[in-house]
Amino acid sequence: MAKNGNDAEIDEGLYSRQLYVLGHDAMKRMQSSNVLISGLRGLGVEIAKNVILGGVKSVTLHDQGVAEWKDLSSQFYLREEDLGKNRAEVSQPRLAELNSYVPVTSFTGALTNEYLTKFQVVVLTNSSLDEQICVGDFCHSNGIKLIVADTHGLFGQLFCDFGEEMTVFDTNGEQPLSAMISMITKDSAGVVTCLDEARHGFESGDFVTFTEVQGMTELNGCEPIEIKTLGPYTFSICDTSSFSDYVRGGIVTQVKMPKKVAFKSLSSSMAEPEFLLTDFAKFDRPGQLHMGFQALHAFEKKHSRLPKPWSQANAAQTESAKQEQLDQAIIKKLSCMAAGDLAPINAFIGGLAAQEVMKACTGKFMPIMQWLYFDAVECLPEAGDAVLTEEECVPRNCRYDGQIAVFGSKLQELLAKQRYFLVGAGAIGCELLKNFAMMGLASGEGEVIVTDMDTIEKSNLNRQFLFRPWDVTKMKSETAAAAVKLMNPSVRITGHQNRVGSDTEKVYDDEFFESLDGVANALDNVDARMYMDRRCVYYRKPLLESGTLGTKGNVQVVIPFLTESYSSSQDPPEKSIPICTLKNFPNAIEHTLQWARDEFEGLFKQPVENALQYLTDPKFMERTLKLPGAQPLEVVEAVYKSLVTDYPHSWEDCVAWARNHWQCQYNNNIRQLLHNFPPDQLTSSGAPFWSGPKRCPHPLEFSTNNDLHMDYIMAAANLLAQSYGLPGSTERSALTKLLQDIKVPEFIPKSGVKIHVSDQELQSANASIGKRRRTVAELEELKAQLPSTEAASQFKLCPIDFEKDDDTNFHMDFIVAASNLRAENYDIPPADRHKSKLIAGKIIPAIATTTAAVVGLVCLELLKIIQGHTKLESYKNGFMNLALPFFAFSEPIAAPNRAGIDWTLWDRFEVKGIQSNGEEMTLRQFLDYFKVILDLQLSILTTISEISEYLRLIHVQKNFSLAVC
């Protein structure tokens, strides 16, 4: 078994997505931490799962109890044949499979002080208050970090004590901000003004440092300076009156400063608790629940059991709390469901607790200070519905006893009949399937259909916990379905490998959607989310939508006739990089990486695709000639180069092409740019041209002794060889010899070459009619020189699709080298392979803790939907950031009325196409129906198919056009 430790290398292939959340330093600290998790019921196993996936040094599972029926409602690594066996011992081999780098052991003895000293972090679940205080006092006085977590039905509790002085190295996990400087005053305030291209984003109290400042050089490389913001573009630093005069330029960068945090012990904090609020609508709830949980401990200590579910005669005693301060209604609910054990609540609290373990190990992110309470009582039947009784919630010696104790047996029957469509079997999809299985969704007549067209990759294993190393290359949906069946054999689940979209509407047709009770999205792109949203609106099906981004997560519930849809509100589009910035004036590594990605597409995919289409598609040229502006010439030029001038016949040809392309991009083009705009160029206003966001470049001189230069040639030559079906090579010494014999043409910058300074200037040039006229003759000449399409069999063309996660395919080798060479041209700090992959590959940072917590909230909304909640205030959209930590819940936005009338996106007109006399309705009669009966004037009528026996599901769109099926 591979092991973690101080000297262990981080497996970037496995941890890549988590590394983008935590960083290498935090991961190394976590790999040195031994963690004890006590209590292996549903909450404990959820915490253990997330911590093991995270990659600590070791995990020890402690439990002195045996598996009972009620455990099976949320403990996904216990099975019916495990009843009566020790929970830790049964769970240990199944949890150990999650991560071969983390040794997992079980322990069934008493938690003595001597035993506790083996661990850096101790987690207590399902423990008595006496044990919590005893262990807590010892841990506090011995530098061991403590987390206490507990759940009772729809209620959860979390407590953290990380010692009297803990250092937090990064409080929020955000990338340090930076901005370009336009001015620094020389006075007592030292006011820094940033370029007005974007707000600096700093806050008072932030620390910053400076680079590339001309004139006031005392600031370059200075110790971090605390700032005071004066506006969106200005802030003051310190007294600069003794500094040199500021001339121009400079970059200011935020510095993450360590922060000291002090914690009270559990026994001290009990009397004077500090709460983290999870729901601002429940401002006084934490104090109520703080007393309520203590009352439950007192009740259990006195009676050796928890209060019976929904027993009116056995409400939790509250001797330890002040009666006059209690909200009796909420305390009664806590008492009535104290014996309950719900998978969604355990998923949410377990995700949070595991993140706190990681904070304790690493000092990354701000810990919970110090108590967190959560409840989801909105999941109970709405006011006016049937009241739960003790008889309905009595244990039945079945796997759902923990859930029946909260909701009764009738909900369990409803859950079993549900037919749900889960779109995606990635991280969120795996967590949803686990919760579905524990809850008993589709465990009777119902069915869960899960579709995902992806196969399992190594990087998935760090957070998609249903998969194992031996599952790599298998289909996600089938593998996830099989894993969930082991957790609950009663669940009916079917795996599909289809992409949702217009091309699969024959599979997911009217009959399919009309048979569903709801849809859950587990998608990673907006387009697919919006497509599924449109389908749910059309078929009037509830939709559960969620997503994560590192430690951030959100949940949105879409309810027919009640809420807006997912597409009703959208995030603003990502800000794109101006073309001229990419082509000639980059000033950040993000610019050079995007340029490198464009290079990849423009060298190894698009021209090869065009050439292949030219050879195989008779209508390619006809379509090309219809393109606007100069595009026809550009496309035909690219085809000509691919099939004639740049067509390689050997590995040597590929190397020669790569060497000449290197010279063109990193020397010739830069020299031409400097010929047009010399370093001392001034603008019309007399200001230096190369200032502000424009960094003055310098050409590079090729050398076989420069590793970065050789990396580029090796990657580019191999990629070109791949795209033409030629064998490549990785022999570096042989490559050096080949390069010595290549003659690079001499380049002399030319006068009259137009280089556009702004995108507006470029667009004006592209729109020029004169330019289009000048290209006609060139276009005809190039067409005549292209090889005959009858010779297609002579060409072995293979367009290359960018794949970031294969370290052997030269894709990221090319991106890193191409980007960093261009960064060197412009004196931009380079990016390592890890950062380059994040930006160029547009990777979404991900961690198992956030996913688990988000899915817990999703499944709470599912419980409301299945019970038929009809009040908007019963549902909760949620947002969280576990790094801060921060939580916000709100009512979903009601479906808005359209054009000032009582009509929402969920409404339809249903019109029968056959009249009472048996004749088919004419178009005139159809229009009159709306005008006379409904007082609506139709302006546009869209016919989707022939009007046949019935005109049904007529959907009024925003402009009051009608879709007629």
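If you read the sequence from its start, that first residue is 1, and numbering goes on from there.
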Just wondering, more than 12 heavy atoms not from [X] lying within 6.0 Å of its [atom1]?
| X | atom1 | answer |
| --- | --- | --- |
| Arg833 | CZ | yes |
| Lys228 | NZ | no |
| Glu203 | CD | no |

Let me see the working for Ser58 and Asn34 under side-chain hydrogen bond (donor to acceptor under 3.5 Å, both in side chains), right down to the final yes or no. CA-CA 5 Å; Ser58 72; Asn34 300 299; 2.6 Å; yes
Could you tell me whether a side-chain N or O of [X] sits under 3.5 Å from a main-chain N or O of [Y], the two making a donor and an acceptor?
| X | Y | answer |
| --- | --- | --- |
| Ser182 | Thr193 | yes |
| Thr185 | Val191 | yes |
| Asn820 | Ala831 | yes |
| Ser32 | Lys28 | yes |
| Asn220 | Val213 | yes |
| Thr850 | Ala846 | no |
| Glu356 | Ile368 | yes |
| Thr240 | Asp187 | yes |
| Asn587 | Pro693 | yes |
| Asp170 | Asn172 | yes |

Sidechain N-carboxylate O distance under 4.0 Å for [X], [Y]:
| X | Y | answer |
| --- | --- | --- |
| Asp161 | Lys264 | no |
| Arg463 | Glu431 | no |
| Asp25 | Lys364 | no |
| Asp279 | Arg285 | no |
| Asp375 | Lys282 | yes |
| Asp805 | Lys458 | no |

Do you know which two heavy atoms are closest between [X] and [Y], and how far apart they sit?
| X | Y | value |
| --- | --- | --- |
| Gly55 | Tyr15 | CA-OH, 3.4 Å |
| Leu884 | Met366 | O-CB, 3.0 Å |
| Gln254 | Gln175 | OE1-O, 4.2 Å |
| Phe465 | Leu98 | O-CD2, 3.7 Å |
| Ile237 | Phe210 | CG2-CZ, 3.8 Å |
| Cys361 | Val35 | SG-CG2, 4.3 Å |

Step by step, would you call Lys186 with Asp245 a salt bridge (charged side-chain N to carboxylate O under 4.0 Å, His left out)? CA-CA 7 Å; Lys186 185 178 178 179; Asp245 291 338; 3.0 Å; yes
Aromatic ring proximity [X]/[Y], centre distance under 6.0 Å:
| X | Y | result |
| --- | --- | --- |
| His140 | Phe263 | no |
| Phe585 | Trp690 | yes |
| His200 | Tyr233 | no |
| Trp371 | Phe159 | yes |
| Phe374 | Phe887 | no |

Indicate whether the side chain of [X] and that of [Y] have a donor and an acceptor atom separated by less than 3.5 Å.
| X | Y | answer |
| --- | --- | --- |
| Thr253 | Ser178 | no |
| Gln594 | Asp598 | yes |
| Thr849 | Asn50 | no |
| Lys259 | Thr167 | no |
| Ser267 | Asp137 | yes |
| His24 | Glu12 | yes |
| Ser546 | Gln556 | no |
| Tyr826 | Asn584 | no |
| Asn346 | Thr151 | yes |
| Thr229 | Ser204 | yes |

Between [atom1] on residue [X] and [atom2] on residue [Y], distance to nearest 0.5 Å:
| X | Y | atom1 | atom2 | value |
| --- | --- | --- | --- | --- |
| Lys835 | Ile589 | NZ | CD1 | 7.0 Å |
| Leu372 | Ile349 | CG | CD1 | 6.0 Å |
| Glu46 | Ile345 | CD | CD1 | 12.0 Å |
| Phe207 | Met257 | CZ | CE | 5.0 Å |
| Leu857 | Phe348 | CG | CZ | 5.0 Å |
| Lys804 | Ser836 | NZ | OG | 14.0 Å |

Do [X] and [Y] have side chains that get closer than 4.5 Å, going by heavy atoms?
| X | Y | result |
| --- | --- | --- |
| Leu116 | Leu36 | yes |
| Asn554 | Val854 | no |
| Thr278 | Met880 | no |
| Gln214 | Tyr246 | no |
| Thr60 | Ile37 | no |

Do the rings of Phe886 and Phe280 sit parallel, tilted or perpendicular, given the 30° and 60° boundaries? tilted
Worked check of salt bridge (charged side-chain N to carboxylate O under 4.0 Å, His left out) between Glu174 and Lys552: CA-CA 11 Å; Glu174 301 295 332; Lys552 303 182 184 77; 2.8 Å; yes
For Tyr373 and Phe293: C-alpha separation, side-chain torsions, deciding distance, then whether ring pair (Phe, Tyr, Trp, His ring centres under 6.0 Å) applies. CA-CA 10 Å; Tyr373 288 95; Phe293 269 76; 5.6 Å; yes
